[in-house]
K.L.:
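Input: one structure, supplied below.
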Amino acid sequence: MGKIILTGDRPTGKLHLGHYVGSLRRRVQLQNEGNYDRMFVFMADVQALTDNASNPEKIRQNIIEVALDYLSAGLDPSKCTLYIQSHIPELAELTTYLMNIVSVARVQRNPTVKTEVKMRGFESNSVPLGFFCYPVSQAADIAAFKATTVPAGEDQEPMIELTRELVNRFNQTYAPVLVEPEILLPENATARRLPGTDGKEKMSKSLGNCIYLSDDADTVWSKVKSMYTDPTHINVSDPGHVEGNAVFTYLDAFSTDQDFADFWPEFQNLDELKAAYTHGGIGDMKCKKLLNNVINRMLDPIRQRRAEYEKDIPEIFNILKQGSESARETAAQTMDDVRRAMRIDYFDDAELIRQQSEKFKR
């Protein structure tokens, strides 16, 4: 099937800058470069329900929010397939088969699972089974489309490692029909785990420390003004620290030399600003004003596209419906290969039918 990209997000809320710099910006770039044969981007509503089972309306409402974020960020349904996970039932079937070739202990060792369980405050005996098993579900998502490349942040590396293990085990146990994927990390190392505006954790909807792609300019400024900087930088004349300073982490992820030329020509680039800040004499508010300008310049075209897409919501649903139908055709082809490899394609196995006929002849 060639080179195939697969990536997606849980539709539990609007997408934020962490999503954008960690994966979404790269997806748009890869889509437009045209070096891949197919690109699949999906809303992982099944996985979102693993820890939101009692609140499906949350997922239902955010499907359209995520779709709008995808389209406004630049994903083009004529170049990539946008679909909804729950509308591809073949994924559930493949998940079941993969569960048979992985141990509970192996899933339990997954550091991403451990982090997510802790973040959600689950007790050891209260983790929903669906949530515990979602790394296997994620492996099925990737394997069903025979994806060769998965653009994702570094926090997803343990997930891709498990996917590769399961694909390899399946191919050795049955037949080599699935494809081992590679992770494609953000080019900017700073962007691989963007902290929240509080500077303490990675940006996360559940922690309320996000700047959303759909935030207006006033909201962005309000959030940037309150961002964590350097608690020891009390006076402007004090030497500042850029390590652990969320404002400078964001400038690392988003600013360009052109931003400095347009918004703070006293400095040619971020390195010069960092040197001046660490020496002393640069106020935090000036740095925040620069960051605000950088972020809003980046978000302005996204906001404009979103406003246009919001005018025809039925068409957004139509795009998702068509994409889901196309994605299901691909997944169904893979499942034909899977069933044949596992020798459970009973009705299509003419030799099995012939042998059984001979066995029961009187």
Side-chain angles (χ1 to χ4, degrees), residues 1-9 11 15 17-44 66-85 87-88 90-91 138 141-154 156-157 159-160 163-164 167 177-192 213 253-254 256 258 297-306 308-309 312 315-334 337:
M1 293 177 66
K3 296 170 63 180
I4 298 171
I5 288 178
L6 182 131
T7 184
D9 300 279
L15 300 186
L17 291 184
H19 294 115
Y20 184 71
V21 74
S23 179
L24 187 50
R25 180 169 63 181
R26 190 74 179 280
R27 295 175 200 174
V28 175
Q29 175 190 346
L30 293 168
Q31 164 197 271
N32 294 335
E33 287 173 351
N35 295 327
Y36 288 81
D37 297 289
R38 289 199 70 177
M39 182 171 182
F40 296 94
V41 184
F42 71 106
M43 276 149 277
V66 174
L68 285 168
D69 284 332
Y70 281 166
L71 294 166
S72 60
L75 289 178
D76 183 345
S78 70
K79 297 179 180 178
C80 67
T81 303
L82 303 176
Y83 66 95
I84 299 175
Q85 184 185 33
H87 283 247
I88 318 296
E90 288 78 6
L91 299 178
Q138 191 172 66
D141 291 328
I142 297 167
F145 294 93
K146 299 188 177 181
T148 58
T149 307
V150 181
E154 64 179 6
Q156 292 298 306
E157 286 188 285
M159 297 294 201
I160 306 305
T163 300
R164 290 172 57 83
V167 165
V177 297
L178 300 181
V179 175
E180 290 188 44
E182 298 289 343
I183 192 170
L184 184 64
L185 294 169
E187 294 175 314
N188 183 335
T190 304
R192 294 180 183 179
L213 300 183
F254 298 109
T256 66
Q258 188 61 50
R297 166 182 275 182
M298 181 182 68
L299 291 182
D300 275 340
I302 295 176
R303 293 178 184 128
Q304 292 168 12
R305 285 192 292 266
R306 186 184 178 98
E308 289 301 310
Y309 281 115
D312 192 356
E315 177 56 23
I316 307 302
F317 279 103
N318 186 50
I319 288 171
L320 296 177
K321 183 175 184 290
Q322 292 181 353
S324 297
E325 290 170 350
S326 175
R328 186 173 183 188
E329 289 178 5
T330 300
Q333 292 170 8
T334 299
D337 295 338

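These numbers were taken from a predicted model, which means no experiment stands behind them.
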K.L.:
Can you name the nearest heavy-atom pair linking Met39 to Lys79, along with the distance?
P.N.:
CB-O, 4.4 Å
K.L.:
Is any side-chain heavy atom of Leu184 closer than 4.5 Å to a side-chain heavy atom of Val150?
P.N.:
no
K.L.:
Is any side-chain heavy atom of Arg297 closer than 4.5 Å to one of Phe254?
P.N.:
no
K.L.:
Keeping Arg27 on the side-chain end and Leu75 on the backbone end, is there a donor-acceptor pair under 3.5 Å?
P.N.:
no
K.L.:
Testing the basics here: between Ala147 and Val179, what is the closest heavy-atom pair and its distance to 0.1 Å?
P.N.:
O-CG1, 3.9 Å
K.L.:
Going through the checks in order, is the side-chain contact (heavy atoms from CB on, under 4.5 Å) test met by Gln138 and Gln156?
P.N.:
CA-CA 10 Å; Gln138 191 172 66; Gln156 292 298 306; 3.3 Å; yes
K.L.:
Hey, is the main chain of Thr149 close enough, under 3.5 Å, to the side chain of Tyr36 for a donor-acceptor pair?
P.N.:
no
K.L.:
I need the minimum non-hydrogen distance between Thr7 and Pro151, along with the two atoms involved.
P.N.:
OG1-O, 3.2 Å
K.L.:
Parallel, tilted or perpendicular: which one describes the rings of Phe40 and Tyr83, with boundaries at 30° and 60°?
P.N.:
perpendicular
K.L.:
For side-chain contact (heavy atoms from CB on, under 4.5 Å), just list the numbers for Arg38 and Ile5, CA-CA rounded to whole Å, side-chain angles, deciding distance to a tenth of an Å, and then say yes or no.
P.N.:
CA-CA 6 Å; Arg38 289 199 70 177; Ile5 288 178; over 6 Å; no
K.L.:
Taking C-beta and beyond as the side chain, do Leu24 and Leu15 meet within less than 4.5 Å on heavy atoms?
P.N.:
yes
K.L.:
Measuring from Asp312:CG to Phe317:CZ, what's the distance to the nearest 0.5 Å?
P.N.:
11.5 Å
K.L.:
For the CZ atom of Arg305 and the CG atom of Leu68, what is their distance to the nearest 0.5 Å?
P.N.:
12.5 Å
K.L.:
Counting only N and O atoms by type, is there a donor-acceptor contact under 3.5 Å from the side chain of Glu90 to the main-chain atoms of Ala144?
P.N.:
no
K.L.:
Which pair of non-hydrogen atoms, one from Ala67 and one from Leu320, has the smallest distance, and what is that distance?
P.N.:
CB-CD1, 4.0 Å
K.L.:
Taking C-beta and beyond as the side chain, do Arg303 and Ser72 meet within less than 4.5 Å on heavy atoms?
P.N.:
no
K.L.:
Does Leu185 offer a backbone N or O that forms a donor-acceptor pair with the side chain of Arg26 under 3.5 Å?
P.N.:
yes
K.L.:
Take Val41 and Thr81, measure what side-chain contact (heavy atoms from CB on, under 4.5 Å) needs, and give me the verdict at the end.
P.N.:
CA-CA 6 Å; Val41 184; Thr81 303; over 6 Å; no
K.L.:
Kindly say whether Val177 contributes a backbone atom to a donor-acceptor pair with the side chain of Asp337 at under 3.5 angstrom?
P.N.:
no
K.L.:
How long is the straight-line distance from CD of Glu182 back to OG1 of Thr163, given to the nearest 0.5 Å?
P.N.:
11.5 Å
K.L.:
Would you compute the distance between atom OH of Tyr309 and atom CG of Leu71 and round it to the nearest 0.5 angstrom?
P.N.:
5.0 Å
K.L.:
Restricting to non-hydrogen atoms, name the atom on Ala327 and the atom on Ile88 that form the minimum distance, rounded to 0.1 Å.
P.N.:
CB-CD1, 3.9 Å
K.L.:
Go through the side-chain N and O atoms of Glu33 and Gln29 and say whether any donor and acceptor fall under 3.5 Å apart.
P.N.:
yes
K.L.:
Walk me through it: do Tyr20 and Asp69 pass the test side-chain hydrogen bond (donor to acceptor under 3.5 Å, both in side chains)?
P.N.:
CA-CA 10 Å; Tyr20 184 71; Asp69 284 332; over 6 Å; no
K.L.:
Can you tell me how far the OG1 atom of Thr334 sits from the CG atom of Leu178, to the nearest 0.5 Å?
P.N.:
7.5 Å
K.L.:
Run through Leu17, Val21, Thr256 and flag the one making a side chain to side chain contact (heavy atoms under 4.5 Å, CB included) with Met298.
P.N.:
Leu17
K.L.:
Can a donor-acceptor pair be found, under 3.5 Å and without considering hydrogens, that links the side chain of Ser324 to the backbone of Ile84?
P.N.:
yes
K.L.:
Got a second to check how far Ile142's CD1 is from Met159's CE, nearest 0.5 Å?
P.N.:
9.5 Å
K.L.:
Using the rule given for side-chain contact (heavy atoms from CB on, under 4.5 Å), can you reason through Phe145 versus Gln333, listing the C-alpha separation, both sets of side-chain angles and the distance that settles it, and then say yes or no?
P.N.:
CA-CA 9 Å; Phe145 294 93; Gln333 292 170 8; over 6 Å; no
K.L.:
Would you say the side-chain atoms of Gln31 pair up with the backbone N or O of Gly74, donor to acceptor, closer than 3.5 Å?
P.N.:
yes
K.L.:
Distance-only, no hydrogens or angles: does the Thr148 side chain make a donor-acceptor pair with backbone N or O of Ile4 under 3.5 Å?
P.N.:
yes
K.L.:
Within the side chain of Ser326, is there an N or O that forms a donor-acceptor pair under 3.5 Å with the backbone of Gly323?
P.N.:
no
